Amino acid sequence: MAQEDLLKKIIAHSKEYGFIFQSSEIYDGLSAVYDYGQYGAELKNNIKKYWWDSMVRLHENIVGIDSAIFMHPTVWKASGHVGAFNDPLIDNKDSKKRYRADVLIEEHLAKIEAKIDKEIEKAVEKFGASFDEPQFRATNQRVIANQEKIDVIKKRFVAALEADNLVEIKNIIEDCEIVCPISGSKNWTDVRQFNLMFETKLGSVTDEANIIYLRPETAQGIFVNYLNVQKSGRMKIPFGIAQIGKAFRNEIVARQFIFRMREFEQMEMQFFVRPGEELKWFELWKATRLKWHNGLGFDPKKYRFHNHDKLAHYANAAVDIEFEFPMGFKELEGIHSRTDFDLSQHQKFSGKKMQYFDPELNENYVPFVIETSIGLDRMFLSILSNAYDEETIKQEDGKTDQRIVLRIPPELAPVKLAILPLMKKDGLPEKATQILDELKYEVNCIYEEKDSIGKRYRRQDAIGTPYCITVDHETLENNTVTLRNRDTMEQERIPVEKVKQIVVEKTSMTNLLKKVN
RNA sequence: GCGGGAGUAGCUCAGUCGAUAGAGCAUUAGCCUUCCAAGCUAAGGGUCGCGGGUUUGAAUCCCGUCUCCCGCUCCA
């Protein structure tokens, strides 16, 4: 199957069978926002449980928190999000290229600067050892003229940035006659502000001073609670804090289904370690996280590491775990060695000591941090694209037949068991309901009596239900049912009393957790 | 934001030259058969994305607009 088609099919299938709906669909939808339906919500919860239990339950030194989405605005100044991600953007209408308006102006300034440098270079050659640069800068007419230009532009530019005056920024670009490097034209759009973070107002009275942000990452909720957790939990380094929660990014465009959404969910763990030991832990978490993915039993070739050559200013090592989505290998999880950047920043901005006293070393330090951060929605999509299968079946009479089956790992499947009376009469529905009433306390069950048995099996395949039991006349005689396996379509006859044991055993999260521990 | 494509029933789509809106599947009810979808009968379901214009008359022609898809752009 062509890969583009696969994504389309997954989107259609997700909608048809109640996994994912577009947000506000009856109002024409809301771009890049999606809702999880009845089976989607179940699957998502199971993924969360797999992650949470493997992190928090299986590691004595990792605890989980649930911090608020709203945080003090200074958090985002400290983290660098306020300064670094408010970019004024401008498009050239001819080349269709987009630029950061501030970068265009800075490059223009650099060009003038280069002219001055050239003058100085020439002068150095001319005057040799007796060259006096400050004096030359103060007297040379061309240098003075260019320096004046720079000063004037800089002054306007700084004032415009401070006042958030986008019109003035465009005026500067026009006045400087800055051209697009590709088209060479000055045919610019207006300057628009790109804000990564969603803003909202705290309090019922609208007031500029009360702007707060919807968090663009959950990590900061962990960092601001680092001291609370460390002290109240008497945590000793190395230790980790895990969290699952929503984050919000106002992307310019956000497409490819749930791969990039404006509102999304992250599963993050920040692991605090001794300075100098971070790279050892980085390697350990790389291996641990890949093992977690492979625990699901999908083709290992679908996962790969991608090393970051260009590191963010706060990181000294970074790697992505990429998954082969229908649209190619894309980031699924990031593992970053974040140094002591975040805690140090918060120490600086809050004035609170973020240091840890290490009794073994008998010294204080700001811990270094290894972060593992995985997109829950991306994880969901990776499971769907791994699981979606169109299978051609050869029937006994030689005809071929197609079935669509979601081969979701049984431990994560939204519904574990379907209970089906073979016929809607002769007391079979009553018997089936009886069984349902017992088993619904153990696993998520579905009861269905409509349509032929084959049709019902196929419907369960389509939502990935690993097991179906069918109640027939023999059940009434000897209390046995047929147990039908989703993947093999094979059936076996078993006593009703054994159903619980078999299904619980095959679908329990414990299976996965034991594999990855 | 730019370029291209699309929007008719829950889904997939047809709808001729402008004249009462169609099919298959799905849904609901009933009947029959009963262990791997597509048996029979009946029923329900449409502001033809939205708004305007031309016309006696618009799903169809014109203009605008919204949403989705693909590509570009952006992406810690």
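Small disclaimer: the values here were computed from a predicted structure and weren't measured. Lettering follows sequence order; numbering is per chain, from 1.
At whole-Å resolution of the value, CG in A/D426 and P in B/U33 are 10 Å apart. Atom P of nucleotide B/A76 and atom CD of A/E217 are separated by 12 Å, given to the nearest angstrom. The distance between atom OH of A/Y17 and atom P of B/A37, rounded to the nearest whole Å, is 14 Å. Rounded to a whole Å, the CZ atom of A/R249 is 9 Å from the P atom of B/A76. A/F259 has its CZ atom 13 Å from the P atom of B/C70, to the nearest Å. A straight line from CZ of A/R459 to C1' of B/C35 spans 15 Å, rounded to a whole angstrom. Taking atom CE of residue A/M197 and atom C1' of nucleotide B/A76, one finds them 12 Å apart after rounding to whole Å.
In this structure, A/Q22 reaches the sugar-phosphate backbone alone: every heavy-atom distance under 4.0 Å involves primed, P, OP1 or OP2 atoms, never a base. Residue A/D461 is classed as having no contact, given no heavy-atom separation below 4.0 Å to the nucleic acid. Residue A/K450 is in sugar-phosphate contact alone, with no base atom involved, counting any heavy-atom pair closer than 4.0 Å across all strands shown. As judged by a 4.0 angstrom heavy-atom cut-off over every strand, A/R456 is placed among residues making no nucleic acid contact. Contacts of A/F21 with the nucleic acid, taken as non-hydrogen atoms under 4.0 Å apart, are absent.
Going from atom CZ of A/F368 over to atom CG of A/D340 covers 4.0 Å, rounded to the nearest 0.5 Å.
The aromatic rings of A/Y34 and A/F257 lie perpendicular to each other, with more than 60° between the two planes, well past the 30° mark. Relative orientation of the A/F223 and A/H346 rings is tilted, given thresholds of 30° and 60° on the angle between their planes.
Of the side-chain N and O atoms in A/K455, one or more sit less than 4.0 angstrom from OP1 or OP2 of B/A26.
If you find the closest nucleotide of RNA chain B to A/G454 and to A/Y34, the one lying nearer the 5' end belongs to A/G454.
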Note to self: Quick one, A/F325 with A/F259, criterion ring-ring contact (aromatic ring centres under 6.0 Å, His included). Give me CA distance, side-chain angles, the key distance, then yes/no.
What the structure shows: CA-CA 9 Å; A/F325 286 97; A/F259 183 80; 5.2 Å; yes
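For A/K425, the listed nucleotide lying nearest its side chain is B/U33; candidates were B/C69, B/C70, B/U33. Closest contact between the side chain of A/L422 and the listed nucleotides B/C35, B/C36, B/C75 involves B/C35.
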Pairs under 3.5 Å (N/O, protein and nucleotides 8-13 of chain B):
from, atom 1, to, atom 2, distance (Å)
B/C11, OP1, A/K15, NZ, 3.0

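Under the Watson-Crick or G-U wobble criterion, with both distances below 3.5 Å, B/G10 is paired with B/C25.
The shortest side-chain heavy-atom distance between A/R215 and A/W76 falls under the 4.5 Å cut-off. Counting heavy atoms from C-beta outward, A/T470 and A/V481 have side chains that stay 4.5 Å or more apart.
In this structure, A/K286 forms a cation-pi arrangement with A/F305, its terminal cationic atom sitting closer than 6.0 Å to the ring centre and no more than 45° off the ring axis. Geometrically, A/R304 engages A/F329 in a cation-pi contact, judged by NZ or CZ lying under 6.0 Å from the ring centre and within 45° of the ring axis. The cationic group of A/R484 lies under 6.0 Å from the six-membered ring centre of A/Y457 and within 45° of the ring axis, placing it in a cation-pi geometry.
For a distance-only test at 3.5 Å, the side chain of A/R260 qualifies as a donor-acceptor partner of the base of B/C75. Not a single donor-acceptor pair, N or O on each side, falls under 3.5 Å between the base of B/A76 and the side chain of A/H336. The base of B/C36 lies close enough to the side chain of A/R484 for a donor and an acceptor atom to sit less than 3.5 Å apart.
Nucleotides B/G53 and B/U60 are separated by 15 Å at their C1' atoms, to the nearest Å.
Heavy-atom distances under 4.0 Å link RNA chain B to A/M489, A/Q491 of residues 488-502 of chain A, given in residue order.
Taking a 6.0 Å sphere around NZ of A/K440, one finds it holds more than 12 heavy atoms contributed by other residues, nucleotides or ligands.
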